Amino acid sequence: MTIVSISPDERNGQRRGKRILDETVPLLPSKQEETGEFDEFNGASFAGAVFNLSTTIVGAGIMSLPATMKVLGLVPGILLIVFFAFFTEQSIDMLIRFSRAGKTVSYGGVMGDTFGKTGKVLIQLCIIVNNVGVLIVYMIIIGDVLSGTSSSGYHHSGVLEGWFGQHWWTSRFFILLVSMLAVFAPLACFKRVDSLRYTSALSVALAVVFVVITAGIAVVKLLAGSIAMPKLFPDVPDLSSVWNFFTVVPIIVTAYICHYNVHPIENELDDPSQIKPVVRTSLALCSTVYITTSFFGFLLFGESTLDDVLANFDSNLGIPYSSVLNDAVRVSYAVHLMLVFPMIFHALRLNVDGLLFPSASPLGSDNRRFAIITGVLLSIVFLAANFIPSIWDAFQFTGATAAVCIGFIFPAAITLRDPHGIATKWGKILAVFMIVLAVLSNAIAIYSDAYALFNNTDASPES
């Protein structure tokens, strides 16, 4: 079979469903002649792209947002959610503009175009570190929700343990093994992002289910007079409380990280010019989910809102069918994370392949390499989640740093470097502000995580 390299200008006039090889871009084998399996693929739809990008955005972080309202108050908290949605849209726009100017079709490509091989390797490493950490955390959470978890000598029963009791088939290892073989592995075998559009749509629907259940319970209790209206603005009794405002900012800063999947989604679109409307629609959808989750979660639990609001659904809600609603929330959340998993995994696999085999043929055209990388990565995530749960502590530091680099620092650095002379004065000002905010946010996140970790370590011998 003859593989032809076609210029990006010619690609824009061709149907995106046909794969065409660009050997200079190892991260994203989206334009290539393969074995004919994609011949009938006419390009991804707008709706499918929106669901895939939205699923990339809405992960486990949604459960931390109500707690930010407890610290910031509803008005500043909601304004911050909207502000960072705008900020994220601007950073993605930077990537898209410089990708088109440099005729590249991946995040690694635009970093390589701007900073050379070092830049490309750096973004690959950041995406690998971020996504491996995210996937391990997702699997740990799924195990906690379905099987249960023990801490400080107390065992919190999972959903399946609560239903059936403690058996070998409700153990954490067995549940995660079944999840791996029945859900993660089959979904990870898809070579195209667009193949995940239906599971992504279901994932977004499950996030909406959580919002609807939370809103319904909050409204019922509000009408019954059993909960009060939440505070609109923060309480500032002393200077130390001001520090608390900054500790919740990193949660919102990293809530919209999806940049590593923008190019794969764009390259499968039937009309690549739709990527900007796709991004705006996804951000609007996710912002709506975030705002309603934050509002109704904080309205329902008030000052009792925990750092992970899912933990609030482990007790009596004070309404009929409380246990049923608790289980519905927890199960829907676990399934939601299972369906987010393959979207994050897709970008992880592409970047691992690009890092290890930068000169090899596109990953999608080599079934043997595709299967080996997929199997090894799934095994690493599974084993780490089961046997190294303390790895979560490490990823609190590395994950926070990698996420802000992917979402804000690298897009801003590309704009400031301006390799094609297309950056505007406003764009560069925004880029500087973006870097300062990202660095400050990351420093606060690392300090807060280290402080909490060392405090727990000091307190454990006494307990």
Side-chain angles (χ1 to χ4, degrees), residues 5-12 16 20-32 49 53 56 87-131 193 256-269 272-276 278-280 282 346-355 357-359 362-363 402-424 427-428 430-432 434-435 438:
S5 178
I6 297 179
S7 72
D9 290 336
E10 292 176 90
R11 278 200 306 266
N12 291 335
R16 280 294 177 114
I20 302 169
L21 175 65
D22 184 347
E23 294 181 348
T24 65
V25 185
L27 288 188
L28 194 58
S30 62
K31 315 283 191 310
Q32 62 195 17
L53 192 59
T56 305
F87 227 46
T88 301
E89 192 272 334
Q90 291 298 309
S91 66
I92 293 175
D93 184 66
M94 291 175 181
L95 284 181
I96 294 172
R97 289 176 61 237
F98 282 94
S99 293
R100 290 176 178 171
K103 298 179 172 60
T104 59
V105 291
S106 71
Y107 201 156
V110 70
M111 281 291 288
D113 181 53
T114 306
F115 298 106
K117 184 178 180 180
T118 301
K120 180 179 292 187
V121 170
L122 192 57
I123 186 59
Q124 288 172 328
L125 289 173
C126 283
I127 293 174
I128 291 169
V129 168
N130 179 77
N131 291 22
V193 175
Y256 292 100
I257 301 300
C258 62
H259 303 61
Y260 47 80
N261 267 338
V262 170
H263 287 92
I265 290 171
E266 178 189 14
N267 289 321
E268 291 187 6
L269 280 170
S273 65
Q274 288 186 320
I275 187 60
K276 289 187 179 182
V278 165
V279 169
R280 294 191 187 103
S282 297
H346 185 275
L348 170 63
R349 180 173 52 209
L350 282 178
N351 284 274
V352 168
D353 180 69
L355 182 65
F357 308 104
S359 301
L363 181 60
V404 295
C405 286
I406 294 167
F408 300 105
I409 293 179
F410 290 160
I414 291 169
T415 300
L416 293 176
R417 187 69 175 268
D418 193 16
H420 303 287
I422 61 172
T424 63
K428 291 189 174 183
L430 185 63
V432 171
M434 201 175 282
I435 291 176

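Just so you know, these numbers use all the heavy atoms, side chains as well, and skip hydrogens, waters and symmetry mates. Here the structure is a predicted model, which means the values were calculated and not measured.
Between the NZ atom in K120 and the CG atom in L355 there is a gap of 11.0 Å [rounded to 0.5 Å]. Taken to the nearest 0.5 Å, the OH atom of Y107 stands 15.5 Å off from the CG atom of L350. In this structure, OG1 in T88 is found 13.5 Å from CZ in R280, a value given to the nearest 0.5 Å. Of the inter-residue distances, the one linking M111 atom CE with R417 atom CZ reads 10.0 Å to the nearest 0.5 angstrom. Note that CD of E89 is 8.0 Å distant from CD1 of I96, once rounded to the nearest 0.5 Å.
Take F410 and apply the ring-ring contact (aromatic ring centres under 6.0 Å, His included) test, not counting sequence neighbours, and it matches no residue. Take A423 and apply the side chain to side chain contact (heavy atoms under 4.5 Å, CB included) test, not counting sequence neighbours, and it matches F98, T415, D418, K428. Shown here are the side-chain hydrogen bond (donor to acceptor under 3.5 Å, both in side chains) partners of Y256, two or more places apart in sequence or in another chain: S287. Under the salt bridge (Lys or Arg N to Asp or Glu O under 4.0 Å) criterion, R100 pairs with E266, not counting sequence neighbours. By the side-chain hydrogen bond (donor to acceptor under 3.5 Å, both in side chains) test, N261 pairs with T56, sequence neighbours left out. Taking S99 as the reference, H263 meet the side-chain hydrogen bond (donor to acceptor under 3.5 Å, both in side chains) condition, with sequence neighbours excluded. For R349, the side chain to side chain contact (heavy atoms under 4.5 Å, CB included) partners two or more places apart in sequence, or in a different chain, are A188, F345, H346, L363, F370, I373, T374, L377. Every side-chain hydrogen bond (donor to acceptor under 3.5 Å, both in side chains) that S91 has, sequence neighbours left out, goes to H259. Taking D113 as the reference, nothing meets the salt bridge (Lys or Arg N to Asp or Glu O under 4.0 Å) condition, with sequence neighbours excluded. Scored by the side chain to side chain contact (heavy atoms under 4.5 Å, CB included) test, A438 finds V404, F408, I409 as partners (sequence neighbours excluded).
Minimum interatomic distance between H420 and G102 (heavy atoms only, all atoms of both residues): NE2-CA, 3.3 Å. Heavy-atom minimum distance, A413 versus I435: N-CD1, 4.2 Å. Between P411 and C405, the closest heavy-atom pair is CD-O, 3.8 Å. G407 and I257 get closest at one heavy-atom pair: CA-CD1, 3.6 Å. Across C126 and A402, no two heavy atoms sit closer than the pair O-CB, 3.5 Å. Considering every non-hydrogen atom in both G109 and T104, the closest pair reads O-CG2, 3.6 Å.
Although no hydrogens or angles enter the test, the distance criterion places no donor-acceptor pair under 3.5 Å between the side chain of Q90 and the main chain of L430.
When each of L348, V352, I406, L122 is checked for a side-chain contact (heavy atoms from CB on, under 4.5 Å) with I127, only I406 meets the rule.
A heavy-atom distance below 4.5 Å is not found between the side chains of I123 and Y260. N131 has its side chain out of reach of N351: every pair of non-hydrogen atoms, C-beta onward, lies at least 4.5 Å apart.
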Steps toward side chain to side chain contact (heavy atoms under 4.5 Å, CB included) verdict (I92, C258): CA-CA 9 Å; I92 293 175; C258 62; 3.8 Å; yes
Checking L95 against V262 for the side chain to side chain contact (heavy atoms under 4.5 Å, CB included) test, could you report, in this order, the C-alpha distance in whole Å, the side-chain angles of both residues, the deciding distance, and whether it holds? CA-CA 9 Å; L95 284 181; V262 170; 5.9 Å; no
